[in-house]
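Below is one structure; the comments refer to it alone.
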Amino acid sequence: MVGKIKPKALKPGDRIAIVAPSGTPSKRNLDLGVRRIQSYGYKVWIHPQCYMKLGYLAGDDRTRADALNEVFADKKVKAVFCARGGFGCQRLLNYLDLKTIWNNPKIFVGYSDITVLLQTFGRSFITFHGPMPAIDICRKNYIYSTERLFRIITSSSPVGAQTNPKRMGDFVRRGKGRATGNLTGGNLSLLQKLIGTPYLPRLAGKIVFLEDVDEEPYRLDGYLSHLFAASDIAQASGFIFGPFLNCKITRRTYPSLTVERVLDDYFGEMDVPQLWNVACGHGKENMTIPIGVMATIDADEGIFEITENAVVL
C-alpha cells in the first residue's frame, strides 16, 4: 500500500543527488541536465556511480544499490533524481537498505525502469514519476515538464489541474463519469514484473496511469493479460493513459493487432472514467505525477486534477 508520508519541499540552495540505478547516462546529456537544474538555484551532486558501465548497467547490482542507500542516508541530500532509466532496477531489490530508505523520505524522481523503485519506495512515502536529467531535462527548450516538476516539488499547495502542452492537444475522454482516488501506476511492463513481489501496489479504488515504449503489441497484450489475471486492476476507479511510444507492429509479428486494439480489448468496455493522450512518461513531454496523492479525473469534462499537495514545508 502506498504510504502517505510526504517528503520535505525543495528550497533554493538545497542539494540534489543524481544516481543511475539502471543504465549509464551520456555524460554530455547529464552535464546539460545538471546545468539546467542548477539554473533553478539548486546544488547538484552526481554520484560517481553514474559513470560506471557494465554492459547495459551503470555498474554491478551492489554498486548501484549502494549508491541509492548512500544518498538516502545522507542528511545533506534533499532530493534524489535518477539520471536515466533503461534496465536493471528489479535486480537491486535484494541489495537495497529499505529500512534506511523508508525512514529517510526524500523527493525521488524518475520513470520508465525506475517504476520499480517508485513503487518500492512508495510503500513508505510519496514518489514522483517525472522527467530525468540525462533523458529529458537535458533537451533544448524542455520547459513545460521541467517547470511542472519543480513547481510540484517546491510547493506545499495542492498540485491542481493538469493540462497537456498545446501541441499535444486535449486529453481524449473515454468511459464516463468522475473518479477520485490515490494515483498509482507507471510503466506497464515494469508494473507487470512486480507481480509476485511485495511491491506491486493495490490498484482497486485507485486512479491508475499507464504508459510504455518500444514494446510490440503482443507484448503489451501479455503484460495486460497477466495484470488482469494476477492483480486487482479491474477494480481501479479510473485510468490515465500516456503515450505508448514506438509500440509498432513489426514484420516479425505480422499480422498483428494494433496497440489501440489491444488496449481497447482490455479497457474499452470498462465503465469507469478514462483519460487518454496524457503527456506523461515517454514522449516529447512528461508531466510529473506524484504517486500516492489524491486526484480526480472526469471523463465527461476532460479534467485531471491532483487535489492534494505532494510535499510539505
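Computed from heavy atoms alone, side chains included, the values below leave out hydrogens, waters and symmetry copies.
- Closest approach of Lys6 and Val311 over heavy atoms only: CB-CA, 4.2 Å.
- A donor-acceptor pair shorter than 3.5 Å can be found between the side chains of Thr163 and Arg148.
- Counting heavy atoms from C-beta outward, Cys89 and Ile114 have side chains that approach closer than 4.5 Å.
- For the pair Arg173 and Trp276, the cation-pi criterion (under 6.0 Å, within 45° of the ring axis) is not fulfilled.
- Side-chain contact of Asp221 with Tyr266: a donor-acceptor pair under 3.5 Å is present, judged by distance alone.
- Just one of Val71, Ile18, Ile16 meets the side chain to side chain contact (heavy atoms under 4.5 Å, CB included) condition when paired with Trp45; it is Val71.
- When the side chain to side chain donor-acceptor pair (under 3.5 Å) test is applied to Gln192, the partners found at least two apart in sequence or on another chain are His226.
- Side-chain atoms of Lys11 do not come within 3.5 Å of backbone N or O of Lys8 as any donor-acceptor pair.
- Under a hydrophobic-cluster definition in which Ile, Leu, Val, Met, Phe, Trp and Tyr are linked whenever side-chain heavy atoms come within less than 4.5 Å, directly or via other members, Ile240 and Met294 are assigned to different clusters.
- Here Phe241 and Phe267 bring their ring centres to under 6.0 angstrom of each other.
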For Thr307 and Thr296, what are the C-alpha separation, side-chain angles and deciding distance, and is it a side-chain hydrogen bond (donor to acceptor under 3.5 Å, both in side chains)?
CA-CA 7 Å; Thr307 54; Thr296 294; 4.8 Å; no

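- The aromatic rings of Phe121 and Phe72 sit perpendicular, their planes meeting at an angle over 60°, well past the 30° parallel limit.
- The ring of Phe128 has its center no closer than 6.0 angstrom to the ring center of Tyr111.
- Across Ser26 and Ala134, no two heavy atoms sit closer than the pair O-CB, 4.5 Å.
- A salt bridge links Asp74 to Arg15: one of the charged nitrogens lies within less than 4.0 Å of a carboxylate oxygen.
- The existence of a salt bridge linking Glu301 and Arg178 is excluded, since no basic side-chain nitrogen approaches an acidic carboxylate oxygen closer than 4.0 Å.
- The residues Arg252 and Glu216 are annotated as salt-bridged, a charged nitrogen and a carboxylate oxygen being separated by less than 4.0 angstrom.
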Could you walk me through whether Asn187 and Thr115 pass side-chain hydrogen bond (donor to acceptor under 3.5 Å, both in side chains), step by step?
CA-CA 6 Å; Asn187 184 270; Thr115 294; 5.4 Å; no

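- Of all non-hydrogen atoms in Leu92 and Arg64, the two that sit nearest each other are CD2-NH2, 3.4 Å.
- Of all the heavy atoms in Ala295 and Ile207, the pair that sits closest is O-CD1, 3.3 Å.
- More than 12 heavy atoms of other residues, nucleotides or ligands sit less than 6.0 Å from atom NZ of Lys53.
- Below 30°, between 30° and 60°, or above 60°: for Phe150 and Phe81 the angle between ring planes is between 30° and 60°, a tilted geometry.
- Taking a 6.0 Å sphere around CG of Asp170, one finds it holds 12 or fewer heavy atoms contributed by other residues, nucleotides or ligands.
- A donor-acceptor pair under 3.5 Å is formed between the side chain of Gln49 and the backbone N or O of Ala20.
- Checked by atom type, the side-chain pair Gln119/Thr127 shows no donor-acceptor distance below 3.5 Å.
- A salt bridge between Arg202 and Asp232 is present, with a side-chain N of the basic residue lying under 4.0 Å from a carboxylate O of the acidic one.
- Under the 3.5 Å distance criterion, the side-chain polar atoms of Thr24 are matched with a main-chain donor or acceptor of Met52.
- Summarising the geometry of Leu227 relative to Ile233, their closest heavy-atom pair is O-CG2, 3.8 Å, with the distance given to 0.1 Å.
- Across all their heavy atoms, Pro290 and Ile306 have their closest contact at CD-CD1, 3.7 Å.
- Under the ring-ring contact (aromatic ring centres under 6.0 Å, His included) criterion, Tyr56 pairs with Phe87, not counting sequence neighbours.
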Could you list the donor-acceptor pairs under 3.5 angstrom formed between side-chain atoms of residues 28-37 and any protein atom two or more places apart in sequence or on another chain?
residue	atom	partner	partner atom	Å
Asp31	OD2	Lys27	NZ	2.9
Arg36	NH1	Ile137	O	3.1
Arg36	NH1	Arg139	O	2.8
Arg36	NH1	Tyr142	O	3.2
Arg36	NH2	Arg139	O	3.4

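- Of the possible donor and acceptor atoms, none in the side chain of Asp300 sits under 3.5 Å from a partner among the backbone N and O of Lys176.
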Thr63 vs Asp66, test: side-chain hydrogen bond (donor to acceptor under 3.5 Å, both in side chains). Steps then yes/no.
CA-CA 5 Å; Thr63 300; Asp66 283 348; 5.9 Å; no

